[in-house]
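Read the structure below first, then the notes.
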Amino acid sequence: MVGALAPVRSTISPRTMSKNHLRSALASALAALLAGCGGSDAPPPADPLARYQNQTVEWNDCSAYLEKDPEGYAQKLGPRLQCAQVQVPQDYQDPDAAAVTISVMRVRAAHTPQKKPHLFFNPGGPGVDGQFMALYFSRMFSLGSEQTAVGKKYLEMDASYNFVGFSPRGVGDSTNLLCIGNQLVYPTLNSQWGAEPDNVRKLTDHAQFTAQNCQKNPVAAHIHTDATARDMDLMRHLLGDEKLHYYGISYGTWLGFWYAGLFPERAGPMVLDSNMNFSRSIHEASIASKQGQALTFNEFIAPYAARHDDLLGLGANATLVKANLQSVGRQVTEALIPLNATERAESYLLTSYLATLKAAMETQRLLDQNKTLADIADILQSEIHIPNEPLDAAFKLAAQRMVSNLQAQATPGYYEAPQLFYLSSMDSVFDTVVCNDEPLLNKDQDHWVKTGFALAQALPIVANAVARQPCIHWKDRKAYTKPTMEALQSASVLMLQSQYDVPTPSSGALETFAQLPAARMVYVENEGGHGLLFYGTECVDLAVYDHLLGKPPAPRQTTCQGKPLALDEKPAKALGPVQAAHFSDPEQAQRLYQRLRQGLDATTRHGRAF
């Protein structure tokens, strides 16, 4: 809650407004002239954001958000865990108009919190709710072990910061955006085989309905990165910090770059993890993610599968693995893509990735033998076994889901059964931010359709999603400009990047990095992770957290080796997402990390790109 701050709406007509602006300009010029002659004590012009900057933030407990707290995280923190609603201008170009609400959660440091800065988090999206990031990050850091250098670094982070998470405008407990309408939308073919005119029309209709239904909401014009960057700066001011300390992941790197270019004098230590290519348009990001999916398969996944052909039977070398995947036909591809098992390449997700590939290839083999779907379901569950327990369990689950998709898609009338148009809050914000951030220069619908299907032709795991381009139909946008790369020349950011990141490929991160002389990079080879938080090796974590702790700058680029993959270990073992030795309670740290990842992985699970 905050102190009363009722929106003030202008009642001045455009004609009167122009006269007032003229009078104001003349008065300002006269005041400047008199001041130059030593003849005026006129006060400086009022700050248009003053009423927001002077609001009193009323911190309360967070019980409204924590009906279920099975691990007792909140209970352990007690009054250190606080929640508030902050008022910000809906439109920073007209701050005297309406206000919107930003929901904030913070965890105060255990000792002398008033003397410590706040570390802000953004998990990406755009459209992912970051409110609970403060709770999970602070608890993870507090579980650091004194027995390892990395564990000690986690404890140092816990002792050095207050932690802040927030729901960006449009999502969560902040002012929401929801794009809904009464138009009818139909199931689509999402693979390279969906290029027939009727399916393309369904895709392009959905894109048009997205623009129409998002933009009819008056809030939509104010959902963009420039506004969120300014929201963060206002929160920084209200919390009493001179500079913004920040950890952003995926789209959170785009937001971080934007903030650092907009407010270079207020940008403190920033870690940008899994980087979008800020040197290019946001509209290229969805293309890059599909290219990243194909590259990661060809250079990282296929060689890994080939190294373990004795277990998987997908091919004895990477070329054969790719050829076997390319043999998967239309039916299986349409059942495979919605599983969303191949859109990420974190080490702990690779068991599911490989198992899903095997399920697709085995299903295609059985279809080629003219087996019925009922027979295929039985054979996949009872006759095919992988001599590795985690892989076998993942295979059985993937096979079950794949056959279920095949059965549904084979139902007569499946592709003619419409639903009313609806986007979740997350998807609504995703499309709105992308279309608002920068103008789409190429509004040729055929171009985007051809691009989407060209990308899908690379591999059966790649969807044609780029063909659905809502920004073609976007009407008008507010007059603000993305910061230039020149504005970031002095930005002391640390970029953290894996070699085989799918949603935000390393090629784009390196292109941005090459243009930022003051930046540092930690580059992790032989790693496919997207979001390398709590990575668990000294090479990565000490450099990352030393940067946030204000330690002497790291070298221009630090190259680290990725952690061994599960099947490459001797003996093979299932690797957890966190390194147990660095935590005093490894099991709790594992559960916390998994809850953190739920938010970070949300966009991919819903088919979004970054």
Side-chain angles (χ1 to χ4, degrees), residues 92 119-128 130 166 168-169 223-236 243-286 288-289 292 429-430 433-434 436-439 480-498 501 503-523 530-533 544 547-548 553-554 556-557 600 603 609-610:
Y92 278 89
L119 182 61
F120 284 72
F121 297 99
N122 182 277
V128 178
F166 65 99
R169 53 173 63 202
I223 305 293
H224 46 74
T225 303
D226 191 80
T228 301
R230 293 176 189 275
D231 292 344
M232 287 202 303
D233 193 58
L234 181 56
M235 287 186 279
R236 172 204 59 77
K243 292 183 179 291
L244 182 80
H245 299 241
Y246 179 77
Y247 194 115
I249 304 165
S250 193
Y251 163 76
T253 67
W254 184 269
L255 174 61
F257 284 127
W258 198 297
Y259 182 94
L262 200 61
F263 304 110
E265 74 285 358
R266 300 175 201 162
M270 305 178 85
V271 170
L272 306 181
D273 179 351
S274 305
N275 293 262
M276 292 179 66
N277 187 350
F278 198 74
S279 72
R280 293 182 180 265
S281 167
I282 195 169
H283 300 293
E284 296 186 36
S286 57
S289 72
V429 170
F430 182 98
V433 168
V434 171
N436 275 339
D437 265 13
E438 296 181 89
Y480 54 84
T481 304
K482 170 189 167 187
T484 64
M485 295 303 290
E486 287 71 24
L488 289 162
Q489 293 302 291
S490 63
S492 182
V493 301
L494 186 142
M495 299 170 65
L496 176 58
Q497 185 67 39
S498 75
D501 185 339
T504 52
S506 58
S507 57
L510 291 167
E511 184 176 351
T512 293
F513 178 59
Q515 299 177 52
L516 301 179
R520 302 288 187 270
M521 175 177 277
V522 175
Y523 185 76
H530 180 73
L532 301 177
L533 57 162
V544 167
H547 179 79
L548 289 173
R556 168 73 171 158
Q557 180 170 327
L600 299 179
T603 51
F610 39 88

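Computed from heavy atoms alone, side chains included, the values below leave out hydrogens, waters and symmetry copies. Bear in mind the structure is a predicted one, so any value in this text is a computation, not a measurement.
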Rounded distance [0.5 Å steps], [atom1] in [X] versus [atom2] in [Y]:
X	Y	atom1	atom2	answer
Met232	Phe120	CE	CZ	8.0 Å
Leu548	Leu494	CG	CG	8.0 Å
Asn277	Ser506	CG	OG	11.0 Å

Exercise. With Arg520, which residues qualify under salt bridge (charged side-chain N to carboxylate O under 4.0 Å, His left out), at least two apart?
Worked result: none
Problem set entry | Residue pairs fulfilling salt bridge (charged side-chain N to carboxylate O under 4.0 Å, His left out) with at least one residue in residues 272-283, sequence neighbours excluded | Arg280-Glu284, Arg280-Glu511
Exercise. Should Phe121 and Ile249 be marked as a side chain to side chain contact (heavy atoms under 4.5 Å, CB included) after you check the CA-CA gap, both sets of side-chain angles, and the distance that decides it?
Worked result: CA-CA 8 Å; Phe121 297 99; Ile249 304 165; over 6 Å; no
Exercise. What's the verdict on side chain to side chain contact (heavy atoms under 4.5 Å, CB included) for Ile282 and Met276, showing C-alpha distance, side-chain angles and the deciding distance?
Worked result: CA-CA 8 Å; Ile282 195 169; Met276 292 179 66; 4.0 Å; yes
Are any of the side-chain heavy atoms of [X] and [Y] separated by less than 4.5 Å?
X	Y	value
Phe278	Lys482	yes
Arg169	Thr228	yes
Gln497	Phe513	no

Flag, side chain of [X] to backbone of [Y], donor-acceptor distance under 3.5 Å:
X	Y	value
Gln489	Gln515	yes
Arg230	Thr225	no
His547	Met495	no
Ser274	Ser250	no
Tyr246	Gly252	yes

For this session: Mind running side-chain hydrogen bond (donor to acceptor under 3.5 Å, both in side chains) on Thr504 and Asp501 for me, showing each step along the way?
Result: CA-CA 6 Å; Thr504 52; Asp501 185 339; 2.6 Å; yes
For this session: Go through the steps for Asp231 and Tyr92 under the test side-chain hydrogen bond (donor to acceptor under 3.5 Å, both in side chains), then give the verdict.
Result: CA-CA 9 Å; Asp231 292 344; Tyr92 278 89; 2.7 Å; yes
Can you list, pair by pair, the side-chain donor-acceptor contacts under 3.5 Å of residues 254-269, counting residues two or more places apart and other chains?
residue, atom, partner, partner atom, Å
Trp254, NE1, Asp437, OD2, 3.0
Trp258, NE1, Asp226, OD1, 3.0
Tyr259, OH, Asp233, OD1, 2.6
Arg266, NH1, Asp233, OD2, 2.4

For this session: Let me see the working for Met485 and Thr512 under side chain to side chain contact (heavy atoms under 4.5 Å, CB included), right down to the final yes or no.
Result: CA-CA 8 Å; Met485 295 303 290; Thr512 293; 4.0 Å; yes
For this session: Tell me, with the steps shown, if Val433 and Tyr251 meet side chain to side chain contact (heavy atoms under 4.5 Å, CB included).
Result: CA-CA 11 Å; Val433 168; Tyr251 163 76; 3.9 Å; yes
